[in-house]
Amino acid sequence: MKRIAVLTSGGDAPGMNAAIRAVVRKGIYDGLEVYGINYGYAGMVAGDFRRLTIDDVGDTISRGGTILYSARYPEFSQIEGQKKGIEQLKKFGIDGLIVIGGDGSYRGGAALTRLGFPTIGIPGTIDNDIPGTDYTLGFDTAINTVLDSVDKIRDTATSHIRTFIIEVMGRNAGDIALWTGIGSGAESIVIPEKDFTMDEVLAEIQEGRARGKKHTIIMLAEGVMSGTEFAEKLEEHGDLHTRVTVLGHVQRGGSPSARDRVLGSIFGYNAVKLLEEGKGGICVGVKGDEVVFNDIIDTLENQKHLPLLSLYQINKEISF
Ligand code: ADP
Ligand code: F6P
């Protein structure tokens, strides 16, 4: 292994830069040449590669986003796109690749692995929805960003005795809603992994009001339905003054938390080591306090991510 490359793909996530920095620094420390590929798989197919130096990643550990930019490039799902990508990797003399992204990006990595190109996956998405790891890069920062906003919303919700529906990200996963729901004392958490009825949500609101609560926070994962749709349905069920806040892409930005910087550094460092050991087709992750290495194809095909559903019941019993 002489020359390796790294790319970021899918939705960006705070901590991606920490991982890129670790890949570059560890690679150079061990005598490798490290290339960055701009714009994910789109840049790979287009040949948008650049050699990265120690200085290129200086002053990046504290920055959100990704210095390699990111892209969604559906063409990479097709074999033609994947073969073109491998041609470019070979043209630049790359021996191994590190992909930082979500489960879609992992599928690209798995496809390259099937075609014989050594690829390592690093979990990077605020959604925390990747199998094979307890946590993904960006999740911790995102939930802290959400909590910062919800604390402010609570002030105005109390002043006006209003019910706030806060729509948070998580394309198909309830992790962000679950963790920020419990962290903000939300009366109700609505996530795709748990069935609910509007009557149930209404009962939770009314219970709080009967006890003299001045505000109600409903934390809604976007994967269930939009905040506006949810508000309309809820108002059909009861006499409520609702307001909807869609936090949107603010959740994806900002300086990474300490945890995301450390995780990114650990993941990047270990990804380089795996390539140096001649291993490909692996994704790195964390389970408890342990760094874990899983087969990327097996992880995608046979493992399923589930949020920490015990939090759901805990919230029901402490936030009424
Ligand atoms: P994320 O990685 O955050 O889940 P996406 O699902 O948008 O984000 O995937 C990111 C990119 O990964 C896609 O734009 C595409 O280039 C690549 N990708 C997604 N699915 C596949 C697939 N089945 N095979 C190969 N590449 C894929
Ligand atoms: O996958 C991360 C994510 O932020 C999801 O939570 C969200 O549904 C999606 O990306 C938004 O994608 P885009 O930035 O393309 O609008």
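Count residues from 1 along the sequence. Just follow the structure's listing: the first ligand is 1, and inside any ligand the first atom is 1.
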### Task
Among all protein heavy atoms, pick the one closest to atom 4 (O) of ligand 2 and tell me residue, atom and distance.
Arg252 NH1, 2.8 Å
### Query
Which atoms of ligand 1 sit under 4.0 Å from any heavy atom of Gly11?
3 (O)
### Message
Looking at ligand 1, is there an atom of it that comes within less than 4.0 Å of some heavy atom belonging to Thr125?
### Response
no
### Task
Please write down residue, atom name and distance for the protein heavy atom closest to atom 22 (C) of ligand 1.
Arg107 CB, 3.4 Å
### Message
Using a 4.0 Å cutoff against the non-hydrogen atoms of Ser9, which atoms of ligand 1 qualify?
### Response
10 (C), 11 (C), 12 (O)
### Message
Within the 4.0 Å heavy-atom shell around Gly102, which atoms of ligand 1 are there?
### Response
1 (P), 2 (O), 3 (O), 4 (O)
### Task
Run the numbers for me: atoms of ligand 2, each under 4.0 Å from some heavy atom of Glu222, listed by number.
5 (C), 6 (O), 7 (C), 8 (O)
#### Entry: Heteroatom proximity flag, Met169 to ligand 2, N/O under 3.5 Å
no
### Query
What part of Tyr41 sits under 4.0 Å from ligand 1 if we count only heavy atoms: the side chain, the backbone, both or neither?
side chain
### Nearest neighbour in protein (non-hydrogen) for atom 25 (C) of ligand 1
Phe76 O, 3.2 Å
### Message
Can a donor-acceptor pair be found, under 3.5 Å and without considering hydrogens, that links the side chain of Arg261 to the backbone of Pro256?
### Response
yes
## Note on the structure
among protein heavy atoms, the one nearest atom 1 (O) of ligand 2 is Asp127 OD2, 3.3 Å
### Query
Can you tell me if OH on Tyr69 sees more than 12 non-hydrogen neighbours from other groups inside 6.0 Å?
no
### Summary
With heavy atoms and a 4.0 Å threshold, my read on which part of Arg171 contacts ligand 1 is side chain
### Task
Please identify which atoms of ligand 2 are closer than 4.0 Å to at least one heavy atom of His249.
13 (P), 14 (O), 16 (O)
### Query
Do Thr136 and Asp129 touch side chain to side chain, with heavy atoms closer than 4.5 Å?
no
### Task
Identify the protein heavy atom lying closest to atom 24 (N) of ligand 1, giving its residue, its atom name and the separation to 0.1 Å.
Ser77 CA, 3.6 Å
#### Entry: Asp103 and His305: CA distance, side-chain angles, deciding distance, side chain to side chain donor-acceptor pair (under 3.5 Å) verdict
CA-CA 10 Å; Asp103 64 330; His305 166 78; over 6 Å; no
### Task
Please say whether more than 12 non-hydrogen atoms of neighbouring residues, nucleotides or ligands are located less than 6.0 Å from CZ in Phe92.
yes
### Query
With atoms numbered from 1 as shown, which atoms in ligand 1 lie under 4.0 angstrom from a non-hydrogen atom of Asp103?
2 (O), 4 (O)
#### Entry: Close approach, Gln251 and ligand 2, non-hydrogen under 4.0 angstrom
no
### Task
Among all protein heavy atoms, pick out the one at the shortest distance from atom 2 (O) of ligand 1; state its residue, atom name and that distance to 0.1 Å.
Ser105 OG, 2.5 Å
### Query
Which of the atoms in ligand 2, numbered in the order shown and given with their element, are less than 4.0 Å from a heavy-atom of Gly170?
6 (O)
## Note on the structure
Here the atoms of ligand 2 under 4.0 Å from any heavy atom belonging to Arg72 are 9 (C), 10 (O), 11 (C), 12 (O), 13 (P), 14 (O), 15 (O)
### Summary
re atom 8 (O) of ligand 1, the protein heavy-atom contact at minimum distance is Arg72 NH1, 3.1 Å
### Query
Please state which protein non-hydrogen atom is closest to atom 13 (C) of ligand 1 and give its distance, to 0.1 Å?
Tyr73 N, 3.7 Å
### Query
Looking at Gly108, which atoms of ligand 1 are within less than 4.0 Å of one of its heavy atoms?
25 (C), 26 (N), 27 (C)
### Task
May I ask you to decide if the ring planes of Phe76 and Tyr41 are parallel, tilted or perpendicular, using 30° and 60° as cut-offs?
parallel
#### Entry: Contact with ligand 2 for Gly10, non-hydrogen, under 4.0 angstrom
no
### Task
Give the residue and atom name of whichever protein heavy atom lies nearest to atom 19 (C) of ligand 1, and the separation in Å to one decimal.
Gly104 O, 3.1 Å
